[in-house]
Amino acid sequence: PELPEVETIRRTLAVKLAGRTLTGATVFYSGAIAHPAPEQFVAGLRDARVQGLRRRGKYLLIDLSSARTLVVHFRMTGRLVFHPRPASPAPHTHLVIDLDGGGQLHFVDSRKFGRLWLWPTAALGGDGPLARLGREPLEDGFTREFLRVELGRRRGKIKPLLLDQTLIAGLGNIYADEALHLAGLHPEKPACDLSPAEIGRLHRAIGRVLQDGIEHNGTTLRDYRDGTDTAGRHQEYLRVHRRPACPVCGAAIRRKRVGGRGTHYCPCCQKEESGHGD
DNA sequence: AGTGCAACCCGAACGC
DNA sequence: TGCGTTCGGGTTGCAC
């Protein structure tokens with residue numbers, strides 16, 4: 001999941017977890033617990049009340065009354081699903097958290113890449129898992145000016161830069177492809193070669209594809225589910241990612257490896273040289 | 001600084 | 001149908 005999916009998980013779980021207390025937890029795969037050691041992690045969850053849910057980039061933050069925050073990163077296939085009654089764990093369930101009132105939270109991740117942390121809330125800005133994250137693309141700090149300055153001093157290809165979480169926090173492979181198509185930019189264009197007009201288009205496109213993704217409750221290509229185990233709808237609106245033809249000009253979408261990632265773009269609307277014709 | 005690659009894991013898709 | 005190969009919604013670390 002990328003930013004829109006994590007935001008959807010946050011919203012769907014916030015409704016279910018508001019004011020509830022964690023009464024215990026069982027770890028089935030200790031590799032999923034990044035910090036602290038599994039025993040302390042479980043002990044630290046007990047009797048903590050949920051204060052609220054936040055999101056930072058692709059991380060979900062569950063603030064607890066114990067002045068600590070449960071931090072979740074889903075990587076490729078992670079899910080966090082609320083069950084109103086105790087439920088038998090689905091395959092690949094690595095952690096079950098019990099809630100007062102009989103509910104449960106199941107962390108499920110077939111690929112075992114996802115991780116959880118229990119971290120002092122006040123220290124999250126310092127040395128925690130969020131320490132190196134860049135700007136939030138849907139908040140005020142993500143300005144056109146910020147993009148202009150940062151891209152202007154990098155010679156690398158634009159797409160891998162969009163995926164750099166220390167620059168912009170939350171874009172992943174799907175929404176990076178979508179934003180570049182919406183902006184009419186070739187994914188391999190050097191960042192410092194973007195014109196002011198292109199930077200403006202890219203800035204607007206990033207905000208737009210993320211907002212649209214949130215509006216459609218995220219993209220379910222295969223694994224993604226929200227906090228109520230419901231699939232998203234944004235896959236029906238994708239422009240280039242894993243699509244056969246460009247919705248603008250009808251040209252066949254091209255697929256290429258850029259920065260080690262499968263990249264989809266329209267050879268007609270996203271030319272290496274100009275783009276839209278500024 | 002930029003780029004490529006292996007590693008972490010597993011299931012699904014693909015090729016024959 | 002069956003089997004081996006490739007690939008991937010992500011991130012990190014390391015070598016060149």
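Chain letters run A, B, ... following the sequence lines, proteins first and then strands; every chain starts at 1.
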_Base, sugar-phosphate or nothing for A:Y29? Non-hydrogen atoms, less than 4.0 Å._
sugar-phosphate
*Would you indicate which nucleotide in C:dT12, C:dT11, C:dG10 comes nearest to any side-chain atom of A:R132?*
C:dT12
*Nearest to the side chain of A:H92, which nucleotide is it out of B:dC9, B:dC10, C:dG9?*
B:dC10
*asked:* Quick check: on DNA chain B, is the nucleotide nearest A:R222 upstream (toward 5') of the one nearest A:R155, or the reverse? Name the residue that is more 5'.
replied: A:R155
*asked:* Within the 4.0 Å heavy-atom criterion, would you say A:E5 contacts the bases, only the backbone, or no part of the nucleic acid?
replied: base
*Parallel, tilted or perpendicular: rings of A:W119 and A:H35 (30°, 60°)*: tilted
*May I ask you to say what A:R242 touches in the nucleic acid, namely base, sugar-phosphate or nothing, with a heavy-atom cut-off under 4.0 Å?*
sugar-phosphate
_Applying a 4.0 Å non-hydrogen cut-off, can you work out what A:R257 is touching in the nucleic acid: base, sugar-phosphate, or nothing?_
sugar-phosphate
*If you measure from the P atom in C:dG4 to the same atom in B:dC9, how many Å do you get, rounded?*
23 Å
*Name the pairing partner of B:dC5, where a pair is Watson-Crick or G-U wobble with both distances under 3.5 Å, or state none.*
C:dG13
_A:L194 CG to A:L147 CG distance, which is reported to the nearest 0.5 Å_ = 9.0 Å
*Rounded P spacing from B:dA7 to C:dT6 in Å*: 15 Å
*Please step through side-chain hydrogen bond (donor to acceptor under 3.5 Å, both in side chains) for the pair A:Y59 and A:Q165, ending with a clear verdict.*
CA-CA 11 Å; A:Y59 291 80; A:Q165 302 297 300; over 6 Å; no
*By nearest nucleotide on DNA chain C, pick out whichever of A:P129 and A:H264 is the more 5' one.*
A:H264
*Say you pick atom P in B:dG2 and the same atom in C:dG9; how far apart are they, in whole Å?*
23 Å
*Using a strict cut-off of less than 4.0 Å between a Lys/Arg side-chain nitrogen and an Asp/Glu carboxylate oxygen, indicate whether A:R239 and A:D177 qualify as a salt bridge.*
no
*5'-most by nearest nucleotide on DNA chain C - A:Y59 or A:E2*: A:E2
